[in-house]
Protein chains: 2
Amino acid sequence: MSTKNKILDAAENLFADKGFNGTSLREITSQAEVNLAAVNYHFGSKKELIKAVMSRYMNELSPRLELALTQVCETNSPSLIDVFSAFIDPLLSLNEFKDNGTSNFLQLLGRGYTDSQGFLRWFLTTQYPEVIDNFVLAVQKSYPELTAEEMFWRLHFTMGTVVFTMSSSDALIDIAKSDFDRDLQISDVIRNVIPYVAAGVGAPMPKLG
Amino acid sequence: MSTKNKILDAAENLFADKGFNGTSLREITSQAEVNLAAVNYHFGSKKELIKAVMSRYMNELSPRLELALTQVCETNSPSLIDVFSAFIDPLLSLNEFKDNGTSNFLQLLGRGYTDSQGFLRWFLTTQYPEVIDNFVLAVQKSYPELTAEEMFWRLHFTMGTVVFTMSSSDALIDIAKSDFDRDLQISDVIRNVIPYVAAGVGAPMPKLG
DNA sequence: AAGCAGTTTAAACAAGCGTTTTAAATAACG
DNA sequence: CGTTATTTAAAACGCTTGTTTAAACTGCTT
């Protein structure tokens, strides 16, 4: 395995676990068993390393997500459950791409929105806008009465639900084990959250105030 | 104003804005216009300062929330909208307690769940368990079919929605202004999120798999 | 007025951070 | 094989972090 990939793998796991600010380059390089200077040699800076970690996933996920959402749009009358369910397979496919891929990616997404004052949000929305566009189109098709403004709010609420849930999914899975004696995985958490966000996005439009 | 309170006020604003990890004691003391060592003198450590900032709000909020939720439980057949609406007044009352109180508190809550690897979650759930208990009781009253396990998940999803939304509420309000020409405040965001979370928690129980 | 606890101050501490620099080792290629 | 380019290695850089120290100052009581 190349030094570059060893760094990416170690960085990904540590970032997901402890956040970007909370992970030092020395932790990364010592877990990757490479020299400290290798990060700056291969990636230039910590910030560029973060981008590289995210890009590796986005480049894998983005086309699959685009395809799945396009297919949903082409069906006759997709429900919101259908729209959100379109995320399942592309997300779970990240597990074949890499161990713990799904979990890591979703946790990284969560970190990126709260750590580092939104620079990752900027990065994702400017580098991968078509993902959001496709998603908005799919939701519009299944809930045409939703105004653009309500849509904006509800999509952001959904982002919050998913991202927050995933960034603490390890703790949730632990609690589910101890409190309800359930052995769950990240895929179960994803399937669990879908009815929730679908109902949230599908809530009736509030009366005009 | 006492040094202690100057520190608490400055710390609160900076923590809400940049997170706990992202804020240094030197930033806090220079904004508070007190000496650096004053933090350790009055609070002992940065961690204790974080607790103090949160406690100041929780001690204000907790009894009001308890009262409001108890009152909802006493009504005949409360809807989930009623339950979540019970949060509005207690939360907005924090604005009288302090400028930007509501916004700051909710953002701090969000920070506390993602920064610092969940120590704040531990602190809140162990120090203020009655808030959660009351909330669970109220939800059970308005949706008795919900199993304890489903309740656990949905309450956590809700926490995620609210906490994430609030931690990025400033950005959301900016977007609402530029995209939809709306001048919103934190109270509008709260009112906006209620139908969403109420619908999410109220989603039909999924079929047994 | 002296003493004293409570508070504030400036300075220093040790540790960790991202990054850079140096030199040595390795690989690629004519 | 020899030369050039790439990659690794160890050390140091300058800076920031939370915390501690010891001295100075404050306002109050005896």
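Everything quoted here is computed from the prediction, not taken from an experiment.
- Among residues two or more places apart in sequence or in another chain, the side chain to side chain donor-acceptor pair (under 3.5 Å) test is passed with A:E66 by none.
- When the side chain to side chain contact (heavy atoms under 4.5 Å, CB included) test is applied to A:T3, the partners found at least two apart in sequence or on another chain are A:I7, A:V34, A:A38, A:H42.
- Under the side chain to side chain contact (heavy atoms under 4.5 Å, CB included) criterion, A:Q185 pairs with A:S187, A:D188, not counting sequence neighbours.
- Against DNA chain C, the stretch residues 6-15 of chain A makes no heavy-atom approach under 4.0 Å.
- For B:Y41, the ring-ring contact (aromatic ring centres under 6.0 Å, His included) test picks out no residue, with sequence neighbours left out.
- Using a 4.5 Å heavy-atom cutoff, the side chains of A:K46 and A:L25 are in contact.
- Distances shown here put a side-chain N or O of B:H42 below 4.0 Å from the OP1 or OP2 atom of C:dT8.
- Going from atom CD of A:E33 over to atom P of D:dT8 covers 14 Å, rounded to whole Å.
- Partners of A:L67 under the side chain to side chain contact (heavy atoms under 4.5 Å, CB included) rule, at least two apart in sequence or in another chain, are A:Q71.
- With sequence neighbours excluded, no residue forms a side chain to side chain donor-acceptor pair (under 3.5 Å) with B:N134.
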Nucleotide by nucleotide, nucleotides 10-23 of chain C touches protein heavy atoms under 4.0 Å in the pattern (B base, S sugar-phosphate only, - none) B-B----BBBBB--
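- For residues 167-191 of chain B, the set of pairs meeting the ring pair (Phe, Tyr, Trp, His ring centres under 6.0 Å) definition, not counting sequence neighbours, comprises A:F152-B:F180.
- Taking A:N5 as the reference, A:M1, A:S2, A:L8, A:R56 meet the side chain to side chain contact (heavy atoms under 4.5 Å, CB included) condition, with sequence neighbours excluded.
- Rounded to 10°, the helix from C:dA1-D:dT30 to C:dG30-D:dC1 has 20° between the axis fitted to its first five pairs and the one fitted to its last five.
- With sequence neighbours excluded, the residues forming a ring-ring contact (aromatic ring centres under 6.0 Å, His included) with A:F164 are B:Y113, B:H156, listed by chain and number.
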